[in-house]
Number of protein chains: 2
Amino acid sequence: MSARREAVREALSASPEFRSAQELYAALRAGGSKIGLTTVYRALQALSDSGEVDVLRTDDGEAVYRACDTESHHHHLVCRVCSTAVEIEGPTVERWAAEMGDKHGFTGVTHTVEVFGTCARCSRS
Amino acid sequence: MSARREAVREALSASPEFRSAQELYAALRAGGSKIGLTTVYRALQALSDSGEVDVLRTDDGEAVYRACDTESHHHHLVCRVCSTAVEIEGPTVERWAAEMGDKHGFTGVTHTVEVFGTCARCSRS
DNA sequence: CGTATTTTGACAACCATTTTCGTTTTCGCG
DNA sequence: CGCGAAAACGAAAATGGTTGTCAAAATACG
């Protein structure tokens, strides 16, 4: 683990929120580092590969990263009118996906789940 | 609703899967249409605004769209090596998704689930 | 030290998506 | 119909996050 990569990890850990690569790059530069944007991307990719950070995509396609201290895997309930998203989780689905994989002899099973609906507020109008 | 927009909606309805704008554009052109890529994007945006299609982002940031009807509902277990897909279904997830929607006051709840893994044959090699 | 390997960063390339803008089609109405 | 306004269209250019390239710099190792 190089010093630069460590710096990216720390910058990410400094906030519990999801941060974009561009934000992290700006923050590091603002803090005096001479790091390059390319390196930030590479560091984030490496961290994500090793499972140390969670990655997801915002609605406009930007990748955002978060330090992953709780290994929290969750899904989203998205309003199809206003795009508000609620985080949801479900041991139920996790178990179901794993069972399905087993049943058909699949290994290394992962899954993606997205739930859509119209939120309470948008339903009223 | 213009003819072109209607064509996009039909192309999308032709498959129950999520399709990208680029795929739809290619399919329409292959079918002899003189439609432009710009128009495909505009049509998808309009359809998504009016709630007729669901949109989500793939892991590599591409937007994918799906006609929003609830018929013939099932999911896929896809091998990430050879892409073989097994159809699976699960009252479990259906119920879970519905519950999640209810719990947060969402109406008209739909969902999408994709399960990935390495199939038995590919695991061996 | 000296060489091999890895990491870095400026810059160019990529590619899905959006914007621009001039042209074409559709619509409303007499 | 005819005609003008408004909307839709499409080609090309712009945008912007992300990835590839490659030579230079840092680091590892004998």
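By convention in this document, chain letters (A, B, ...) are assigned in the order of the sequence lines, proteins followed by strands, and residues within each chain are numbered from 1.
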Q: Would you check if the side chain of Arg57(A) reaches a backbone N or O of Val64(A) as a donor-acceptor pair within less than 3.5 Å?
A: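 Not at all, since once roles are kept as given, no pair shorter than 3.5 Å links the two residues.
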
Q: Among all residues two or more places apart in sequence or in another chain, which pass the salt bridge (Lys or Arg N to Asp or Glu O under 4.0 Å) test with Glu114(A)?
A: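 Counting only residues at least two positions away or on another chain, Glu114(A) forms no salt bridge (Lys or Arg N to Asp or Glu O under 4.0 Å).
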
Q: Asp49(A): which residues meet the side chain to side chain contact (heavy atoms under 4.5 Å, CB included) condition with it, sequence neighbours left out?
A: Gln45(A)

Q: Consider the side chain of Tyr41(A), meaning its heavy atoms from C-beta on, and name the nucleotide among dT18(D), dT8(C), dT17(C) that approaches it most closely.
A: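 So the nucleotide nearest the side chain must be dT18(D).
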
Q: Could you list all the salt bridge (charged side-chain N to carboxylate O under 4.0 Å, His left out) pairs where at least one residue sits in residues 22-33 of chain A, not counting sequence neighbours?
A: Arg19(A)-Glu23(A)

Q: Tell me, please, which residues at least two apart from His75(A) pass ring pair (Phe, Tyr, Trp, His ring centres under 6.0 Å).
A: His73(A), His111(A)

Q: Given atom CZ of Arg57(B) and atom P of dG17(D), what is their separation to the nearest angstrom?
A: 13 Å

Q: Tell me the interatomic distance from Gln45(B), atom CD, to dA7(D), atom P, rounded to whole angstroms.
A: 17 Å

Q: Of all the choices, dT19(D), dT8(C), dC9(D), which nucleotide is nearest to the side chain of Thr39(A) once you look at every atom?
A: dT8(C)

Q: Could you check how far CG of Asp49(B) sits from P of dT18(C), rounded to whole Å?
A: 11 Å

Q: Measure from the side chain of Arg4(A), starting at C-beta and using heavy atoms only, and say which of dC9(D), dG9(C), dA16(C) lies closest.
A: dG9(C)

Q: Looking for any heavy atom pair under 4.0 Å, which part of the strands does Ile35(A) touch: base, sugar-phosphate only, or nothing?
A: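 The answer is sugar-phosphate, as Ile35(A) gets under 4.0 Å only of primed atoms, P, OP1 or OP2.
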
Q: Please enumerate all residues that pass side chain to side chain donor-acceptor pair (under 3.5 Å) together with Thr58(A), with sequence neighbours excluded.
A: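 Per chain and number, Thr58(A) pairs via side chain to side chain donor-acceptor pair (under 3.5 Å) with Asp60(A).
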
Q: Return the angle between end axes of the helix from dC1(C)-dG30(D) to dG30(C)-dC1(D), with five pairs used per end and rounding to 10°.
A: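 One end axis against the other gives 30°.
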
Q: What is the distance from CG of Asp60(A) to P of dT19(C), rounded to the nearest Å?
A: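 These atoms are roughly 12 Å apart.
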
Q: For DNA chain C, which residues in residues 22-30 of chain B have a heavy atom at a distance below 4.0 Å?
A: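 Contacting residues: Gln22(B).
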
Q: Can you measure Glu62(A) atom CD to dT17(C) atom C1' for me and round it to whole angstrom units?
A: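 Distance check: Glu62(A) CD to dT17(C) C1' gives 14 Å.
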
Q: What is the distance, rounded to the nearest whole Å, between atom CG of Leu44(A) and atom C1' of dT18(D)?
A: 12 Å

Q: Rounded to the nearest 0.5 Å, what separates atom CD1 in Ile35(B) from atom OH in Tyr25(B)?
A: 9.0 Å

Q: Taking atom P of dC9(D) as reference, at what distance in whole Å does atom CD of Glu6(B) sit?
A: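 Distance, rounded to whole Å: 12 Å.
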
Q: Distances for protein N/O vs nucleotides 23-30 of chain D N/O pairs under 3.5 angstrom?
A:
none

Q: Atom CG of Asp54(A) and atom CG of Leu12(A): how far apart are they, to the nearest 0.5 Å?
A: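 Here the rounded value is 10.0 Å.
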
Q: State which residues pass side chain to side chain contact (heavy atoms under 4.5 Å, CB included) with Ala7(A); sequence neighbours excluded, sorted by chain then number.
A: Leu28(A)

Q: Considering residues at least two apart in sequence or located in another chain, which fulfil the side chain to side chain contact (heavy atoms under 4.5 Å, CB included) criterion with Thr118(A)?
A: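 Scan of Thr118(A) (side chain to side chain contact (heavy atoms under 4.5 Å, CB included), adjacent residues dropped) gives Arg80(A), Val81(A), Cys122(A), Ser123(A), Thr107(B).
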
Q: Check the pair Glu52(B), Arg9(B) against salt bridge (Lys or Arg N to Asp or Glu O under 4.0 Å), reporting the backbone distance first and the verdict last.
A: CA-CA 9 Å; Glu52(B) 296 174 72; Arg9(B) 194 223 297 258; 2.2 Å; yes

Q: Can you name the closest pair of heavy atoms from Ala67(B) and Ser13(B) and give their distance?
A: CB-OG, 3.8 Å

Q: If each of Ser20(A) and Arg42(A) is mapped to the nucleotide of DNA chain D with the nearest heavy atom, which maps nearer the 5' terminus, i.e. the 5' end?
A: Ser20(A)

Q: dG16(D) C1' sits how many Å from Leu37(A) CG, rounded?
A: 11 Å

Q: side-chain hydrogen bond (donor to acceptor under 3.5 Å, both in side chains): which pairs involve residues 33-42 of chain B, sequence neighbours left out?
A: Gln22(B)-Tyr41(B)

Q: Nearest 0.5 Å please: distance from the CZ atom of Phe116(A) over to the SG atom of Cys79(A).
A: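 Interatomic distance, Phe116(A) CZ to Cys79(A) SG, rounded to 0.5 Å: 11.0 Å.
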
Q: Polar atoms only, N or O, under 3.5 Å: list the protein pairs with nucleotides 11-14 of chain C and their distances.
A:
| residue | atom | partner | partner atom | Å |
| --- | --- | --- | --- | --- |
| dC11(C) | N4 | Thr38(A) | OG1 | 3.2 |

